[in-house]
Amino acid sequence: MRIATWNVNSAKQRMPRLLPWLQQRRPDIVCLQETKLTDAAFHDLFDSPLAELGYEVAHHGQGGYNGVALLSRVGLDDVEAGFTGQPDYDGRAEARAVSATCGGVRVHSLYVPNGREVGSPHYQYKLAWLDALAVAVAAGPAEVALCGDINVAPADIDLFDPAAFEGHTHVTEAERQRLGAFGLIDVVRARWPEHDSVYSYWDYRAGMFHQDYGMRIDLVLASGSVADRVAAAWVDRAARKGRLPSDHAPVIVDLDVALDGDIGPIVPPPSKPGRRAGSGKVKLPHAVD
DNA sequence: ATGGTTGCGCTGCAA
């Protein structure tokens, strides 16, 4: 069973890439983030082509910003938009989470708040959002996979240059502590314990992707029972290349058996010793992500 | 080079 998660940065703009990618990689369960569509607009655009590919669809959107979806060919039961106790921002409930039971696993498609600036109201919201999610997940099924744009780099190895991120969000102790509090397994890191260059996000600007100045912030966090079944876990860098990509690449996890052959490399590019030693000379073009 | 991109939706904000 193949699970994939991808922040598409507008499902409408990404449609010409998303549908061929589904046919190429053939994931059984797909978590999408930043669809930037209302439910009605998503269903109008995607229900027909996704049904042809065999997917059931759940979408939780607001239009303009945020928006998450779950696609499944292995069942899509007990769909929940948002989660119990999800905090509001500025008095509004944002469309950042949808979950369902697919193939026996409780799968969450998540778009964690960015946080913007350390200490800002949005940063406090991010921490509270993660705290509330941990409570909700702990109260749910034991077989669980949190998939999505988590907007936290779990460790310094997940950054092209840790020095460039000092004082920024995504790397603070408070954020990393929240990740650990889930008590789940980061399956890509578990599979590639020493690799940098398993980034999942590269800023559009300043040739960041070309130079492989990336971050690993799109994660699959799985319970032990699910993590024990992982046969392959990788980042589909090819989907970040070419014309009009998302700024994120998909993360793909195979349970029980690794799909093989023509579906692309399951080994990340080799580490680049010295890269992360970083003098801090590379400056972020702006606040993270 | 104190820069650089994309998307939404209309002017500047978010990422």
Side-chain angles (χ1 to χ4, degrees), chain A residues 5-18 21 31-42 44-46 59-69 87-97 109-127 129-130 148-153 158-161 163-172 175 199-219 237 239-251 279-289:
Chain A
T5 183
W6 191 7
N7 178 324
V8 293
N9 186 21
S10 173
K12 185 177 181 179
Q13 296 306 316
R14 221 58 61 209
M15 186 149 69
R17 300 181 66 115
L18 175 58
W21 177 83
C31 301
L32 302 177
Q33 299 86 37
E34 280 205 89
T35 62
K36 298 186 176 180
L37 293 170
T38 62
D39 291 343
F42 186 91
D44 283 350
L45 282 169
F46 286 98
H59 183 265
H60 178 42
Q62 60 187 76
Y65 297 102
N66 306 318
V68 286
D88 291 351
Y89 185 69
D90 258 356
R92 304 187 316 264
E94 297 186 310
R96 295 182 175 273
S109 179
L110 303 170
Y111 179 42
V112 175
N114 173 285
R116 299 182 189 167
E117 302 290 337
V118 175
S120 68
H122 204 267
Y123 179 78
Q124 298 304 328
Y125 166 58
K126 178 180 194 175
L127 298 181
W129 200 95
L130 287 167
D149 180 353
I150 304 301
N151 267 327
V152 180
D158 301 309
L159 306 168
F160 70 86
D161 179 0
F165 291 86
E166 284 173 17
H168 288 275
T169 60
H170 296 56
V171 303
T172 65
E175 291 164 279
Y199 308 129
S200 65
Y201 164 81
W202 303 257
D203 196 284
Y204 281 129
R205 289 165 286 189
M208 299 287 272
F209 179 68
H210 181 69
Q211 299 169 88
D212 199 22
Y213 289 161
M215 307 171 70
R216 195 174 68 90
I217 55 176
D218 300 88
L219 308 176
R237 293 174 57 90
R240 181 61 176 79
K241 299 178 179 176
R243 185 174 143 71
L244 294 180
S246 170
D247 43 1
H248 296 252
V251 177
S279 53
K281 284 179 182 169
V282 179
K283 290 167 78 172
L284 294 183
H286 61 96
V288 178
D289 193 12

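The sequence lines fix the lettering, A, B, ..., with proteins before strands; numbering per chain opens at 1. Note that the structure is a prediction, hence the values are computed from the model and not measured.
- Of the side-chain N and O atoms in A/R14, one or more sit less than 4.0 angstrom from OP1 or OP2 of B/dG7.
- Taking atom OH of A/Y111 as the reference point, atom P of B/dA14 lies 11 Å away to the nearest angstrom.
- Rounded to whole Å, atom C1' of B/dT6 lies 16 Å from atom CZ of A/F209.
- Nearest nucleotide to the A/R205 side chain, out of B/dA14, B/dG4, B/dG7: B/dG4.
- The aromatic ring centres of A/Y199 and A/F209 sit 6.0 Å or more apart.
- A/N7 places its CG atom 16 Å from the P atom of B/dT6, with the value rounded to the nearest Å.
- Atom CG in A/D247 sits about 16 Å away from atom P in B/dA14, given to the nearest Å.
- Across the protein-nucleic acid pair, A/H248 atom NE2 and B/dG7 atom P stand 13 Å apart, rounded to whole Å.
- With B/dT6, B/dA14, B/dC8 as the candidates, the nucleotide lying closest to the side chain of A/S10 is B/dC8.
- Sequence order on DNA chain B of the closest nucleotides to A/Y65 and A/T35 puts A/T35 first from the 5' end.
- Not counting sequence neighbours, the partners of A/Y65 by the side chain to side chain contact (heavy atoms under 4.5 Å, CB included) test are A/Q62.
- Using a distance-only test at 3.5 Å, with no hydrogens or angles considered, no donor-acceptor pair links the side chain of A/S200 to the main chain of A/R216.
- Atom CD in A/Q211 sits about 14 Å away from atom C1' in B/dT5, given to the nearest Å.
- Computed from coordinates, the A/Y125 OH to B/dA14 C1' distance equals 14 Å when rounded to whole Å.
- Taking atom P on both nucleotides, B/dG7 is separated from B/dG3 by 23 Å, rounded to a whole Å.
- Ion pair A/R240/A/D212 not flagged as a salt bridge, since none of the NZ, NE, NH1 or NH2 atoms sits closer than 4.0 Å to an Asp/Glu carboxylate oxygen.
- As rounded to whole Å, 11 Å separates atom C1' of B/dA14 from atom OH of A/Y89.
- Using cut-offs of 30° and 60° on the angle between ring planes, the pair A/H59 and A/F42 is parallel.
- Both A/N66 and A/N9 lie near DNA chain B, and the one whose nearest nucleotide falls closer to the 5' end is A/N9.
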